[in-house]
2 protein chains.
Amino acid sequence: MTTQSQGLHTHVLDALGLEIAAGDCPPGRVLRTDELAQRFDVSRTVVREVIRVLESMHLVESRRRVGVTVRPTEEWNVYDPQVIRWRLAGSDRPRQLRSLTVLRSAVEPVAAGLAARHATAEQCAALTECALGMVATSRGQQLEGYLRHDIAFHRIVLNASGNEMFARLGDVVAEVLAGRTHHQVMFEDPDPAAVTLHVRLAEAVREGDAVGAERLTKEIAVGALHELDVLAP
Amino acid sequence: MTTQSQGLHTHVLDALGLEIAAGDCPPGRVLRTDELAQRFDVSRTVVREVIRVLESMHLVESRRRVGVTVRPTEEWNVYDPQVIRWRLAGSDRPRQLRSLTVLRSAVEPVAAGLAARHATAEQCAALTECALGMVATSRGQQLEGYLRHDIAFHRIVLNASGNEMFARLGDVVAEVLAGRTHHQVMFEDPDPAAVTLHVRLAEAVREGDAVGAERLTKEIAVGALHELDVLAP
DNA sequence: GCCTCTTGAATAAGTCGTATGTAATGGGCT
DNA sequence: AGCCCATTACATACGACTTATTCAAGAGGC
């Protein structure tokens with residue numbers, strides 16, 4: 001048997017999760033553990049563990065005598081990073097990017113305001129460094145470098161807010177930014193206005209200007225939403 | 001064998017999840033599947049399924065030859081409703097209520113603004129009905145009835161926003177409201193000012209007044225945060 | 001003599017096959 | 001029509017085997 005590099009469980013989970021998140025299995029569709037075991041050439045034990053995980057994500061529901069039924073989208077745990085990744089890999093990626101960006105536009109301004117109050121000296125320094133990195137990579141097709149600094153920047157702000165619920169959205173934001181960069185405008189340099197806003201946001205946080213930080217972050221969010229509207233209406 | 005009412009799996013998962021979320025097992029603590037099987041008097045199969053689910057929630061990490069290690073809090077999937085429930089049942093419930101309330105204060109105003117634009121006639125009607133229900137139950141120790149209407153109210157707003165990420169926070173908000181009511185002020189009637197704000201919010205949504213809805217929701221959130229500060233400093 | 005690298009044994013999770021229990025469904029019997 | 005029973009597919013359990021990882025002992029080099 002060809003041993004998977006990271007375990008049979010992970011492999012089957014990813015394959016099934018992708019299928020369901022992509023909508024290949026419409027809600028109500030019934031899967032059979034035996035079938036799945038055959039299809040992936042693994043034992044039922046492995047399949048059962050996978051089903052249990054998918055069940056904990058509310059992607060499926062397992063009932064005796066009836067099988068494993070796919071649940072409607074509204075019931076999924078859409079905040080699970082794994083689920084987000086599966087959905088972003090699927091066909092309704094634009095819709096997904098939009099709702100995540102709206103979420104960002106709600107959360108990040110408040111987080112930035114809190115960060116201005118609570119950020120440590122180290123966090124301020126790291127923030128400034130990221131902003132400078134964004135400036136340095138904002139021209140000349142250095143999109144990957146720019147993306148790395150952008151992700152780090154927003155992660156620091158969320159962490160510095162001191163609220164763990166905000167901090168845990170760092171992964172979500174990272175997925176959104178990566179998705180945006182890799183999906184649409186690989187050929188264009190980032191918007192210079194956005195870069196400036198990040199630099200000014202770093203300053204505001206460093207100076208403890210909470211309202212300024214919140215306002216600047218709102219502007220960044222508006223820009224991100226506008227970008228989506230322009231590129232994927 | 002004592003047959004569990006809802007399955008062995010659920011029972012063991014709940015017990016272990018509670019223990020970990022409550023902090024009884026400090027991060028880095030190693031659990032052995034054999035031990036757990038013995039302790040809960042179930043087979044290793046059931047334990048493995050439970051471990052897999054806890055692993056998908058990033059509460060633990062399972063490595064060969066070393067065992068199941070509890071991960072640090074910062075890595076948990078704190079948006080998983082199950083995890084939230086476990087943590088709210090534990091000892092750091094106040095801290096948890098606070099971070100969730102801050103999250104609400106960021107998300108709900110934006111959601112209310114969107115709801116004012118997108119709410120259907122049915123949703124507006126249901127919202128008004130809930131607001132009236134809150135008024136009717138705001139005096140005379142009808143806290144359970146008030147809570148039910150309060151939860152329904154906020155759920156409708158989140159759903160009406162049309163954003164699925166917001167909509168899925170309905171359960172979180174429900175947990176917070178329930179936790180607040182059951183934890184602290186069972187003896188006091190709700191703040192009359194809050195009741196009024198909900199009535200006015202229902203009006204604003206019905207009239208499509210987005211900025212008004214956002215502002216009113218912010219006031220509600222401020223009140224909720226203030227309440228936490230007063231009662232659990 | 002001390003440090004490093006290799007090697008091998010011990011260990012605990014990973015995987016599998018099978019057996020049995022259990023609940024829900026659907027058809028057949030009265 | 002209504003009740004009963006056979007079927008079905010998941011739920012649970014057990015035991016054997018596999019594999020990766022760790023730890024330590026020993027060989028070799030400095």
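For the numbers below, each heavy atom of this structure counts, side chains included, while hydrogens, waters and symmetry mates do not. In the text below, chain A, chain B and the rest are named by the order of the sequence lines, each starting its count at 1.
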Open item on the list: Quick one about A/T33 and A/R48 (side-chain donor to acceptor, distance below 3.5 Å, no hydrogens or angles considered), yes or no?
Closed with: no

Open item on the list: Just checking B/H154 against B/H198, ring centres under 6.0 Å apart?
Closed with: yes

Task: Atom-pair distance (CD on A/E49; C1' on D/dT12), nearest Å - done: 13 Å

- [ ] Round to the nearest Å and state the distance from A/H11 atom NE2 to C/dT15 atom P.
- [x] 12 Å

Open item on the list: Under a 3.5 Å threshold, yes or no: a donor from one side chain and an acceptor from the other, between A/E144 and A/H182?
Closed with: yes

Task: Nearest heavy atoms of B/Y79 and A/F166, plus distance in Å - done: OH-N, 4.2 Å

Within the sub-3.5 Å range, which N or O atoms of nucleotides 9-11 of chain D have a protein N or O partner, and how far apart are they?
residue : atom : partner : partner atom : Å
D/dA9   : OP1  : A/R32   : NH1          : 2.9
D/dC10  : OP1  : A/T33   : N            : 3.0
D/dC10  : OP2  : A/T33   : OG1          : 2.6
D/dC10  : O3'  : A/S62   : OG           : 3.1
D/dA11  : OP1  : A/S62   : OG           : 3.3
D/dA11  : OP2  : A/R48   : NH2          : 2.2
D/dA11  : O5'  : A/R48   : NH2          : 3.3
D/dA11  : O4'  : A/R64   : NE           : 3.4
D/dA11  : O4'  : A/R64   : NH2          : 2.8

TODO: Determine whether B/L59 and B/R71 make a side-chain contact, defined as any pair of heavy atoms from C-beta on separated by less than 4.5 Å.
DONE: no

